[in-house]
Structure formats: C-alpha cells, structure tokens
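Just so it is clear, the values below take in all heavy atoms, side chains as well, and ignore hydrogens, waters and symmetry mates. Chain letters run A, B, ... following the sequence lines, proteins first and then strands; every chain starts at 1.
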Amino acid sequence: MNNKSIANLLNKVAVAYSIKDEKKFRFQILAYQKAADVISNEVREVSDLYKENKLNTIPGVGASLQKHLEELCKTGHVYQYETVLKDIPEAVFPLLDLPTIGPKTAFKLVSAFKLKDPTTVLKDLLEIAKAGRIAQMEGFGEKSQSEIIKTIEQANLIDKAAERMTLPFASQMADQLIEYMRKCKDVKEIYTLGSLRRRMETIGDIDIAVATDNATSVLDHFVNYPYKSRLLDKGDVSASILASNGRRVDIKTQSAQSFGAMLQHFTGNKEHNVHLREIAIKKGMSLSEKGIKFSNTGKIKEYKTEKELYQALGMQWIPPEMREDAGEIELAQKHAIPHLVELKDIKGEFHIHSSFNIEPSHDLGINDFSTMLKKAKELNYKYLGFSEHNPSVSKHTSEDIYKLIKMRNTYLDNSCSNTIGVRVLNLLETDILTDGRLAIDDKSLSLLDASIVSIHSSFQMDKETMTNRIIKGLSNPKAKILAHPTGRIINSRPGYQADWDKIFRYCQQNNKALEINAYPTRLDLISNLVRKAREYKLKFTIDTDSHAVDQMNLMQYGVDVARKGWLTRNDIINCLDYQDVIKWMSK
DNA sequence: GCCGTTTTCGGCCCGACTGTTTTCAGTCG
C-alpha cells in the first residue's frame, strides 16, 4: 500500500468519525486528517518506514496510529478501521469531492436515497435532484437542491481539467491576470495567494489578493476579464470566475490597513497557520485575516504588512515558500531563517541542449551554440554548460562516439563565447544504462569538463536495483551531477523507486551534486526531497534542461523549488564563479 | 488521537458564508 492510499484511508476514517459523532470525535478527526496530510506529503514510503522500525518518526503519528499502521503493513488491513467504516456506504466518498458537500450532507443523501454504487452515485443523485426530491428533505430546500445540480454538472465539466497545473503554467496565467488587474486604478497592491504564492510545484486554483479602498470597482473590473468563460461568485469583497481555460480564479480584496493580515491568512498553508494561532493563544492573542485580537482589551490590531504581523508574534518574517510547518516557525522564533537563494544569484547553468548533431540517443535542441550563448549573455550569465545527450550507443562504435564529441568540442571552442564573455563548459548528459554503466567509455568522457548523468530507460526497476544503478553511474569520476533525480513527469509519470537516503549519503561522501531541473513538467528534484538532501549538506545545481532558447527563461521556477527546499546560494554550484565551478568539477 | 521552554493530563485555530432556520449546522479556506 503506497502513501497515497494510506492517506486516503486515514481521511476516510476521519470522515466516518465526522458522520458518527463529530463532537465526540472532534480531536480524533483532526488527528487523522493531519496524519493523512503528513503522509501524503512524506517522501519516505510508510511501508519502508515500517520495515526500518521508524514509523514513530512521522510527525502526527503517535502510539495509536503507529500500531494501526503496523497492522496495515503487516496484514493489509486494520480491524478497527474496518469496524468504523462498516456503517459508511462507499457511495459517500465520491460526493465529498463536490464543493459544499461534506461528510454529513453526503451521508444524509446517500442514506435517504439508498445510493449504493460509488461509480454511479453522482449520476444517480443528479437525477434525484432534477426530479425535485432533495428539496423535500428536512434540512434541504430549493436552493441547496439547485446548488447540488449545479455542482454535479460543473464537476463533470471541470473533471477534464482536474489535473493540477504546473507552477510555471499557473504562474504565467496569474501574471497575465495581474497585468490586466493593474489597469484598474483602484488596485493599490496585488499579490498571488495560497499554493501559488508558496510556489508549490503544482497548483489547483489561482488566488489573488488586492489592496484597495474601492472593492466594488476592483471586482467589477475583475469579472470583466476578457479570458473569462463565466462568473462563479461575486460578493462585496471577493469574487470567483472560471477562466477560458477552465481554471478557477478567486480574488479577495482588503483595505491597505490590514492587507498584511489577509495576505498572511490566505497564503497558508493550513498547518503553518494553525501553528501560528496556537502560538498566538499562548501570548493572549487571537489571529485572523483581520489582524490580531488581544484578549485583555478585546481590540483588533490591523497590520499593513506581513512583516509587522510576524513581529507581533515574536518572530521573523517567513518567506512564503517555507510556510509548510516544517520547522520554519521555530527558526523564525530564533531569528534564524536562512537567506534563500534568488534568481540574481545564478551565474550560469549546466544543462543546455543545442542543435549540434552528435547523433544522440534522445532529442536534440533546436537552437545553435551562439544563439544560446547570446541568451546567456542577456541573462547576465558568466558561463554556460552544453549537455547534449550522448551519441546513441546502438548506432555507434566507441571510436565514433569519441570523434563526435571531439568534433563538438572543436565547434564549441570556436563559438562566439570568447567574444561575448560567456565561458563554455564541455559537458554531456550521459545515460546511466540499466546495469549502472555509463553509456560512453572513459576515453570519451575524458574529453569533457564533467558529465551530467541521468536515467532515461527501464524506470520500473525495484528500489534496490535502481538505487545501485544510480550509485554505480555516479561512481565514475567524470559524473558530477545527477539530472532530474526522481524521473517524475508531473501529471504523467511517477518518479522511480529509489533509496534516497542512501543516494544522498553517497553524494555527500563523493562530492556529487543533485540537479533541480526547472523544466515545467519536471521540477525535479522535488522540494521536499531537496529539504531532505539539504540535511546531508549536499550541493545542488539548478538547470533549465533547455531544448530551445526561450526555455532558458524558466530558471526562476528551479529557483522557486530550491527556495522551497530552504537552499541558500552557498548550496548551489551555479552560484559560484567560473573558476570555482571548474575547481569543483575537477575535485 | 497527538503532544509537551507553563503540561505525561488537559488542552487542542479562526472567521466567513450559506441555507434553513428563528439560533444553528455544515462547509470552506
């Protein structure tokens, strides 16, 4: 059973407790939800932690949950959960995906109409609602009935777009909207909120905050957004639309006077905010989106900026990317928040695919050396590493491969790099073959400053074989960077199974770097693994993996992931000067 | 069911919104 299904099970238990007696089980419900949340974000598999006897290292898992998880890993089921879930029809759960329907409502509906089949429950309920039978039930009315019809029909529509957006996609969508919103003179300040502001790798909805003295004017402007497909909601202070690409956009307005409190509140994440409020309570304060209420006076103090709000709670301002309740609050209380890496710290990159044809195993880039070098100059880079895929092994002898690489290097040395002041690194993206050998031999590798190595085949290996394969690939002295380490493709392919602790330890002991790949559907290494790798004091590179010159603009998203992993510029190889990069590569 | 620079017992986040109600339950972020 993987983490996702375990989290799913714990959430179901929470739902069952809500239905049975929400008051009585109030804190169990919270505990189960929290554990489900932690486990769904945990990079270590629960089944592995069980084998290593480390279940107690999962935050939010105490003695009782630990016992249940052990039973689950051992036998595949948990007696107590089965007992609890016995009275809850499976058809309840699909209804919970509908907005405005929670455990109680779902259970009432499923019971009243004896809905059994979870695969057809939405369709069945829609027919019942359309026949007007819901409005007759106690606690329901015409409005809730039409709301149910609307949300089920809407769910069918939205389902196709149910995949989360990648960060770059959401970010560009928000930029476009923000540019439009700035045309309204009443917009004083405008920011993204929620997961987008926290720079999560994938985003559900776009949330926007506006500081204004005239909410009506701002909201009127918003609902006239040209790329709107329809209006979802509009109140006095907030509104929601469905954009023409099917994505939901929410906007919230607030006076500049308490804009900081609102920004903080809606940036989250939930656990971060809960933790802050617990701290506030101990100081006799109560925290909300309006500001801080002091219990001795009963008065609410407003905050213009987040910084003032965090200060009032006795801590440093926390960059949004770090707000996950992963220890950042404790750091802020000690005024020890690291100075996170910024885009301007980046001095070059190592993973660029040009169009120079060395008859590679995988895709070529579409632009030539000089085009990419000019772009590097524009970005104020001091160096650029070319990392075409290695010449295909099946079609060439090792002697052919040697000649191809040598020819590329000659062209590169004669490129425009000297004239424009961007140094060139002779690199290559070399496949780690299934047995862990690199795709090209040492003689060819000797032509390079260093090699990026990566997995491009046989993703389905078992964990131990894959771990050994990666480590063996990295063991070549020329192999310095492990590219897109987990191999995941967002919304398409999960990463391969590997023992990350073992790989991180190897990298630490052997001076190897992990890549943070900024390509929109990769964003790999993923941020929670970055944070883990950081504990090993590893070095990282941030690369765009560009196959076209415009993709070099995507560096920001790699920096976002690095920041989310708490990295400073000292952790990152491409924040070094050229000479220090060369020194590191030859170590 | 979890957790500990007040605690191993006794706490555990906050407000808005909505609909069905005349004071509240359920849902959401």
Side-chain angles (χ1 to χ4, degrees), chain A residues 10 13-15 17-19 21-38 55-56 58-69 78 80-81 84 95-109 134-148 150-151 193-195 197-198 204-205 207 209 233-240 248 250 252-254 258 261-293 295 300 313-314 325 329-330 333-334:
Chain A
L10 297 181
V13 174
V15 167
Y17 278 138
S18 303
I19 292 169
D21 191 337
E22 187 165 33
K23 285 216 174 68
K24 180 176 162 196
F25 295 117
R26 190 170 151 212
F27 297 109
Q28 276 95 329
I29 293 165
L30 283 174
Y32 274 95
Q33 285 169 340
K34 181 164 186 190
D37 199 62
V38 169
L55 285 173
N56 59 353
I58 309 174
V61 172
S64 171
L65 266 167
Q66 190 182 334
K67 239 173 67 196
H68 294 322
L69 289 178
V78 182
Q80 188 185 320
Y81 297 169
V84 173
L95 294 184
L96 299 175
D97 293 333
L98 298 172
T100 77
I101 294 196
K104 303 276 180 64
T105 313
F107 186 69
K108 264 188 225 161
L109 291 167
I134 291 176
Q136 295 159 12
M137 289 171 66
E138 202 187 326
F140 291 82
E142 287 296 335
K143 279 204 171 173
S144 52
Q145 179 171 271
S146 55
E147 184 67 21
I148 285 170
K150 201 177 100 189
T151 54
L193 294 169
S195 54
R197 184 156 183 254
R198 299 198 312 276
D205 302 333
D207 296 306
D233 283 305
K234 184 164 177 272
D236 296 337
V237 294
S238 65
S240 307
R248 186 189 169 105
D250 295 338
K252 297 177 199 304
T253 63
Q254 179 72 278
S258 53
M262 184 187 74
L263 209 50
Q264 196 291 315
H265 180 85
F266 288 109
T267 295
N269 74 1
K270 190 174 145 199
E271 286 72 26
H272 177 89
N273 282 0
V274 167
H275 194 165
L276 283 190
R277 285 179 209 135
E278 283 168 359
I279 289 169
I281 285 172
K282 286 177 188 154
K283 294 178 183 286
M285 306 165 167
S286 165
L287 187 60
S288 80
E289 68 258 47
K290 295 177 162 166
I292 296 177
K293 189 157 132 188
S295 55
I300 293 180
L313 294 170
D325 195 23
I329 291 174
E330 291 77 1
Q333 287 176 315
K334 289 187 276 187

Problem - Expected output: side-chain A/Ser18 to main-chain A/Ala14 donor-acceptor under 3.5 Å - result: yes
Problem - Side chain of A/Leu65 (C-beta onward), nearest among B/dG1, B/dC13, B/dC14 - result: B/dG1
Practice task
For A/Glu289, answer base if it contacts any base atom (sugar-phosphate contacts may also be present), sugar-phosphate if it contacts only those atoms, and nothing otherwise; contact means non-hydrogen atoms under 4.0 Å.
Solution key: sugar-phosphate
Completion exercise
Ranking B/dT7, B/dC13, B/dG15 by distance to the side chain of A/Lys282, first place goes to B/dT7
Problem - Between P of B/dG11 and NE2 of A/His275, the distance in whole Å - result: 19 Å
Completion exercise
Whichever of A/Glu142 and A/Met285 has the more 5' nearest nucleotide on DNA chain B, that residue is A/Met285
Practice task
Select one nucleotide: of B/dT21, B/dT27, B/dC17, the one nearest the side-chain heavy atoms of A/Pro103.
Solution key: B/dT27
Practice task
Taking only Lys NZ, Arg NE, NH1 and NH2, and the carboxylate oxygens of Asp or Glu, determine whether A/Asp250 and A/Lys252 approach each other closer than 4.0 Å.
Solution key: no
Practice task
Classify the ring geometry between A/Tyr17 and A/Tyr32 as parallel (under 30°), tilted (30 to 60°) or perpendicular (over 60°).
Solution key: tilted
Fill in the blank from the handout: A/Ile329 atom CD1 is separated from B/dC3 atom C1', nearest whole Å, by 16 Å
Practice task
Please round to the nearest 0.5 Å and tell me the distance separating atom CG of A/Leu65 and atom CG of A/Leu69.
Solution key: 6.0 Å
Exercise for the section: Count the heavy atoms belonging to other residues, nucleotides or ligands that lie under 6.0 Å from CG of A/Asp236, then report whether that count exceeds 12. Expected result: no
Handout entry: Heavy-atom donor-acceptor pair, A/Ser144 side chain to A/Phe140 backbone, under 3.5 Å
Key = no
Problem - Base paired to B/dT8 (Watson-Crick or G-U; both N/O distances under 3.5 angstrom) - result: none
Practice task
Give A/Gln28 one of three labels, base, sugar-phosphate or nothing, depending on what nucleic acid heavy atoms sit under 4.0 Å from its own.
Solution key: base
Exercise for the section: Please measure how far the P atom in B/dT6 lies from the corresponding atom in B/dC12, and state the result in whole Å. Expected result: 15 Å
Exercise for the section: For the side chain of A/Ser64, starting at C-beta, report the closest nucleotide among B/dG15, B/dC17, B/dG1. Expected result: B/dG1
Practice task
With the side chain of A/Lys143 defined as its heavy atoms from C-beta on, choose the nearest nucleotide among B/dG19, B/dC2, B/dC12.
Solution key: B/dG19
Problem - B/dA16 to B/dT21 separation - P atoms, rounded to the nearest Å - result: 24 Å
Practice task
Looking only at side-chain atoms of A/Arg277, point me to the closest of B/dC14, B/dG1, B/dG29.
Solution key: B/dC14
Handout entry: Value in whole Å for how far the P atom of B/dG1 lies from CG of A/Leu55
Key = 16 Å
Handout entry: Enclosure of A/Lys234 NZ (heavy-atom neighbours >12, cutoff 6.0 Å)
Key = yes
Exercise for the section: Name the nucleic acid region contacted by A/Phe25, choosing base, sugar-phosphate or nothing; use a 4.0 angstrom heavy-atom cut-off, strictly under. Expected result: nothing
Exercise for the section: Please check the phosphate of B/dG19 (OP1 and OP2 only) for any side-chain N or O of A/Ser144 closer than 4.0 Å. Expected result: no
Exercise for the section: When you get a sec, tell me which of B/dC13, B/dC17, B/dG15 is the closest nucleotide to the side chain of A/Val274? Expected result: B/dC13
Exercise for the section: Could you work out which one of B/dG1, B/dG26, B/dC14 sits closest to the side chain of A/Thr105? Expected result: B/dG26
Problem - Atom-to-atom span, CZ of A/Phe140 to C1' of B/dT21 - whole angstrom - result: 14 Å
Fill in the blank from the handout: The residue, A/Gly60 or A/Leu287, whose nearest nucleotide of DNA chain B is more 5′ is A/Gly60
Practice task
Have a look at A/Gln66 and say if it touches a base, only the backbone sugar-phosphate, or nothing, with a 4.0 Å heavy-atom cut-off.
Solution key: nothing
Practice task
Could you check which of B/dG1, B/dG29, B/dA16 has an atom nearest any side-chain atom of A/Lys290?
Solution key: B/dA16
Problem - Atom C1', compared across B/dC2 and B/dT8: separation rounded to whole Å - result: 12 Å
Exercise for the section: Look at all strands and tell whether A/Leu276 reaches a base, only sugar-phosphate, or nothing, counting heavy atoms closer than 4.0 Å. Expected result: nothing
Handout entry: Distance between P atoms of B/dC9 and B/dG15 (Å, rounded)
Key = 32 Å
Exercise for the section: For A/Ile29 and B/dG26, give me the distance from atom CD1 to atom C1', rounded to whole Å. Expected result: 13 Å
Problem - Donor-acceptor pair between A/Asp325 and A/His272 side chains, under 3.5 angstrom - result: no
Exercise for the section: Would you mind classifying the nucleic acid contact of A/Ala280 as base, sugar-phosphate or nothing, using non-hydrogen atoms under 4.0 angstrom? Expected result: nothing
Handout entry: Euclidean distance for C1', B/dT20 against B/dC24 (whole angstrom)
Key = 9 Å
Problem - Whole-Å distance separating the CD atom of A/Glu278 from the C1' atom of B/dG10 - result: 14 Å
Practice task
Check whether the aromatic ring of A/Phe27 stacks on the base of B/dC2, taking stacking as ring centres less than 5.5 Å apart and planes within 30° of each other.
Solution key: no
Problem - Same-atom distance (P) from B/dC13 to B/dC17, integer angstrom - result: 22 Å
Exercise for the section: Verify the contact: side-chain N or O of A/Gln80 to OP1 or OP2 of B/dG1, cut-off strictly under 4.0 Å; return yes or no. Expected result: yes
Handout entry: Among B/dG1, B/dC13, B/dG26, the one nearest A/Lys270 by side-chain distance
Key = B/dC13
Practice task
Calculate the interatomic distance between A/Gln264 atom CD and B/dG29 atom P; express it in whole Å.
Solution key: 17 Å
Problem - Separation of B/dG29 P from A/Gln33 CD (nearest whole Å) - result: 13 Å
